[in-house]
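Only one structure is covered here, and it is reproduced in the block below.
To find a chain, count down the sequence lines: A is the first, B the second, and so on, and within it residues start at 1.
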There are 2 protein chains.
Amino acid sequence: METKGFEHHDHHHCIATSLRTVEEACKAQGLQFTPVRRRVLEILLDEHRAMGAYDVLDVLRKEGLGSQPPVAYRALDFLVANGFAHRIERLNAFVACTAPGERHAPCFLICRACSAVAETPGRRASDALRSAAGELGFKVERVAIEAEGLCPACVEAGA
Amino acid sequence: METKGFEHHDHHHCIATSLRTVEEACKAQGLQFTPVRRRVLEILLDEHRAMGAYDVLDVLRKEGLGSQPPVAYRALDFLVANGFAHRIERLNAFVACTAPGERHAPCFLICRACSAVAETPGRRASDALRSAAGELGFKVERVAIEAEGLCPACVEAGA
DNA sequence: GGATCGCATGTTATGATATAACGTTCGCGG
DNA sequence: CCGCGAACGTTATATCATAACATGCGATCC
Ligand SMILES: [Zn+2]
Ligand SMILES: [Zn+2]
Ligand SMILES: [Zn+2]
Ligand SMILES: [Zn+2]
């Protein structure tokens, strides 16, 4: 897995690849990749930014794909539950996963200036946490690791 | 710093010590440890659990110390800003810090069965994260590390 | 002492996020 | 055809958070 979000990249390609990967994963696991679910993933993929459920809903509304909160939340829940998107607790928002399919402990770098979000491998941090928790007898099931700060571009721009 | 929350301990003593430490820290830094702020910290200290702002507010209301959300949020913001309490993003809730005064990168273990929350040193995980972020040119300012799972007691009880 | 200021607090109103609950649709296997 | 389960549509409501403005009160300056 590679970190994405801050550096430039062929974004059309990156979107297409993710969509295809998710499509295949759904087929393989017998999951229904319905139009709403697919469209919500596309909306998230469009930007490497976290979007609130209501931001997503606004887009769906314009396109006649749904107009009430549960529509957006259900699609987002599906994507998150299956590892195709992640929820950023700090922002009450969602991002498309940059490595759908791969088992990974994601870790997010959130720029407070431009709101960019990068997903980066959190293996080391997550392992450190698991071992600390294990010593206490705590059984870790899920880990959320989120850093807030300045992305490279904003560090440079800022000062 | 020591992990607190799961093991038994002399809780009256632990509350008294925290309060005294915070009192002194406020005096030293010229911060106003007002009655509402003090009471909110006491409410949080009473249980090693995360409480929502409205839970805290309910208590304040009963005691005539305030009845509107901003009262609770302002006191909580004060405590969090000065490191006397922490916000748990995952739960939209707050806990008293178990090591007020010490500079630390807290990391939380949240039991999904009994809602206990333990604060444990997150140095290793946080260092791992900072170094990974540094390689990408991201400047980390704050880190939230939160694990959800089963505490020792619930592991044993559960299965 | 009175003017002024900063800061905590009181209060009203509203915004933002999330879910419960129930009905409808539709494909699929019995 | 019937019954079932999964997705979706819709209404209503719960939960979390803040904007904005008014009030009180001690510290400081003159
Ligand atoms: Zn991309
Ligand atoms: Zn940025
Ligand atoms: Zn204690
Ligand atoms: Zn427990």
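Between the side chains of A:H11 and A:H13, not a single donor N or O lies within less than 3.5 Å of an accepting N or O. Side-chain contact, B:H48 with B:E119: no donor N or O sits under 3.5 Å from an acceptor N or O.
For D:dG9, the OP1/OP2 oxygens have no side-chain nitrogen or oxygen of A:S67 closer than 4.0 Å. Between B:Q32 and C:dA8 there is a side-chain polar atom (N or O) within less than 4.0 angstrom of OP1 or OP2.
Distance, A:L57 CG to D:dG9 C1': 13 Å, rounded to whole Å. For B:D58 and D:dA14, the CG to P distance is 15 Å, given to the nearest whole Å. Distance, A:E63 CD to D:dC8 P: 15 Å, rounded to whole Å. For the pair B:Q68 CD and D:dA20 P, the interatomic distance rounds to 18 Å; values are reported in whole Å. To the nearest angstrom, C1' of C:dG6 lies 15 Å from CG of B:L31. Distance, B:L76 CG to D:dC16 P: 13 Å, rounded to whole Å.
In this structure, B:R90 pairs ionically with A:E89, as a charged nitrogen and a carboxylate oxygen lie closer than 4.0 Å. Between B:R142 and A:E148 there is a salt bridge, with a side-chain nitrogen of the basic residue lying less than 4.0 Å from a carboxylate oxygen of the acidic one.
Residue pairs that meet the salt bridge (charged side-chain N to carboxylate O under 4.0 Å, His left out) test with at least one member in residues 19-35 of chain B, sequence neighbours left out, are B:E23-B:R38.
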Which parts of nucleotides 16-30 of chain C does protein reach within less than 4.0 Å, heavy atoms only, written one letter per nucleotide 5' to 3' as B for base, S for sugar-phosphate only and - for none?
-BBBB----------
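Heavy atoms from other residues, nucleotides or ligands lying under 6.0 Å from CZ of B:R130 number more than 12.
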